Amino acid sequence: MELTQAITNRRSVRKFKKLEIPWYLISECLDAAIQAPSSGNVQNWRFIVVKDSAQREKLVKLCDEQYWLLKAPILIVVCSHLPKIRTLFGIRGEALYSVQNCAAAIENLLLKASELSLGATWIGAFDENKLRELLEIGADARPQAIIALGYGEEFENKSRREPLDNF
């Protein structure tokens with residue numbers, strides 16, 4: 001699939017087939033994520049792949065009751081590792097660059113999933129403190145997003161995009 005096709009065909013998926021994803025496909029998505037640009041090439045992203053159904057159930061309870069997430073066989077928690085970016089860029093690095101870097105990695109992951117005919121959705125609504133506790137995320141990292149990943153059972157219609165002239 002060409003890049004333009006992956007970009008325009010990408011959809012958020014909230015219904016997943018009951019199929020396992022081979023680890024090599026998850027790895028391809030993660031490898032695409034780490035190819036993203038980052039401020040000062042700090043590459044501050046970290047990924048926690050949650051496959052265990054009991055752990056996924058606990059995690060989903062922290063996501064504003066978005067129980068449809070339970071259908072996704074894989075949840076990837078994207079965290080920003082803070083020490084190096086904080087050292088290089090201070091408060092702006094921690095507050096802004098760390099978020100931007102992870103967002104770029106997430107977009108690469110989503111596009112790769114689309115290319116591989118996998119469904120994915122970017123989740124930003126979760127209880128950060130309880131997520132930290134559940135996954136034992138230390139103070140040196142901050143959860144940025146959760147990605148639901150699986151084989152899409154149903155792809156939502158692409159939301160209408162404003163014409164380029166509007167921007």
Side-chain angles (χ1 to χ4, degrees), residues 6-23 25-36 38 43-82 85 94-161:
I7 291 169
T8 57
N9 288 346
R10 191 207 59 75
R11 306 280 189 277
S12 291
V13 175
R14 288 180 176 77
K15 293 184 180 180
F16 297 92
K17 295 177 182 175
K18 291 183 181 183
L19 295 173
E20 294 287 321
I21 304 173
W23 181 251
L25 292 179
I26 299 165
S27 292
E28 284 189 44
C29 291
L30 293 172
D31 188 55
I34 67 169
Q35 303 307 315
S38 63
Q43 302 175 48
N44 58 290
W45 39 70
R46 300 295 183 268
F47 307 95
I48 302 169
V49 178
V50 182
K51 196 172 181 178
D52 177 73
S53 61
Q55 192 77 334
R56 283 187 297 114
E57 190 169 330
K58 291 176 188 173
L59 195 154
V60 166
K61 289 179 182 176
L62 307 178
C63 295
D64 290 348
E65 301 181 15
Q66 297 182 72
Y67 292 109
W68 62 267
L69 284 166
L70 286 172
K71 304 277 188 200
I74 298 292
L75 297 175
I76 301 173
V77 179
V78 181
C79 296
S80 173
H81 189 245
L82 300 171
I85 202 158
E94 184 175 346
L96 180 63
Y97 302 160
S98 66
V99 176
Q100 291 175 334
N101 295 347
C102 287
I106 292 165
E107 182 65 7
N108 277 12
L109 189 155
L110 294 174
L111 291 174
K112 187 63 176 184
S114 178
E115 178 190 54
L116 296 171
S117 299
L118 293 171
T121 298
W122 179 336
I123 306 300
F126 52 86
D127 184 315
E128 182 176 337
N129 292 326
K130 290 181 181 175
L131 180 64
R132 283 176 173 286
E133 186 179 317
L134 175 67
L135 298 179
E136 300 177 10
I137 298 169
D140 63 344
R142 183 161 187 214
Q144 299 291 329
I146 299 169
I147 307 303
L149 187 67
Y151 290 101
E153 183 176 287
E154 189 176 296
F155 290 79
E156 294 182 11
N157 291 329
K158 180 84 172 177
S159 59
R160 190 176 76 74
R161 300 292 179 199

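Because the structure is a prediction, the values reported are computed rather than measured.
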Provide the closest heavy-atom pair for Ala145 versus Trp122 in the form atom of the first, atom of the second, distance.
CB-NE1, 3.5 Å
Would you call His81 and Asp140 a side-chain contact if the rule is heavy atoms closer than 4.5 Å?
yes
Which pair of non-hydrogen atoms, one from Ser98 and one from Ile85, has the smallest distance, and what is that distance?
N-CD1, 3.6 Å
Does the Asn108 side chain pair with the main chain of Ala32, one donor and one acceptor, at a distance under 3.5 Å?
yes
Asp31 side-chain N/O to Ser27 backbone N/O, donor-acceptor pair under 3.5 Å
no
Nearest-0.5 Å distance, CZ of residue Arg46 to CD1 of residue Ile34
10.5 Å
Looking only at heavy atoms, the pair that brings Leu149 and Ala113 closest together is CD1-CB, 3.8 Å
Nearest 0.5 Å, what's the NZ-CD distance between Lys71 and Glu153?
8.0 Å
Does Asn129 offer a backbone N or O that forms a donor-acceptor pair with the side chain of Asp127 under 3.5 Å?
yes
The reported gap from CZ in Arg142 to OG in Ser80 (rounded to nearest 0.5 angstrom) is 9.0 Å
Flag the pair Val77 / Phe47 as yes when at least one side-chain heavy-atom distance between them is below 4.5 Å, and no otherwise.
no
Close side-chain approach of Phe16 to Ile74, heavy-atom, < 4.5 Å:
no
Mark yes or no for whether Arg11, through its side chain, and Asn9, through its backbone, hold a donor-acceptor pair below 3.5 Å.
yes
Answer yes or no: is there a side-chain heavy-atom contact under 4.5 Å between Val99 and Gln144?
yes
Can you tell me if CD on Glu133 sees more than 12 non-hydrogen neighbours from other groups inside 6.0 Å?
no
Non-hydrogen side-chain atoms of Leu116 and Cys29 separated by less than 4.5 Å
yes
From Leu131 atom CG to Ile146 atom CD1, the distance as rounded to the nearest 0.5 Å
5.0 Å
Sort out for me which residue in Asp52, Leu69, Leu135, Leu70 forms a side chain to side chain contact (heavy atoms under 4.5 Å, CB included) with Leu59.
Leu135
How long is the gap from NZ on Lys61 to NZ on Lys130, to the nearest 0.5 Å?
11.5 Å
Please check if the side chain of Arg56 supplies one atom and the backbone of Lys51 the other of a donor-acceptor pair under 3.5 Å.
yes
Which heavy atom of Pro22 sits nearest a heavy atom of Tyr151, and at what distance?
CD-OH, 3.5 Å
Using the side chain to side chain contact (heavy atoms under 4.5 Å, CB included) rule, pick out the option among Ile123, Thr121, Leu109 that qualifies with Ile147.
Leu109
Where Ala148 and Leu75 come nearest, the two heavy atoms and their spacing:
CA-CD2, 3.8 Å
Go through the steps to decide whether Lys112 and Leu118 satisfy the test side-chain contact (heavy atoms from CB on, under 4.5 Å), and finish with yes or no.
CA-CA 8 Å; Lys112 187 63 176 184; Leu118 293 171; over 6 Å; no
Please find the pair of heavy atoms, one from Arg132 and one from Gly138, that lie closest to each other, and give the distance.
NH1-O, 2.9 Å
Are any of the side-chain heavy atoms of Glu107 and Leu111 separated by less than 4.5 Å?
yes
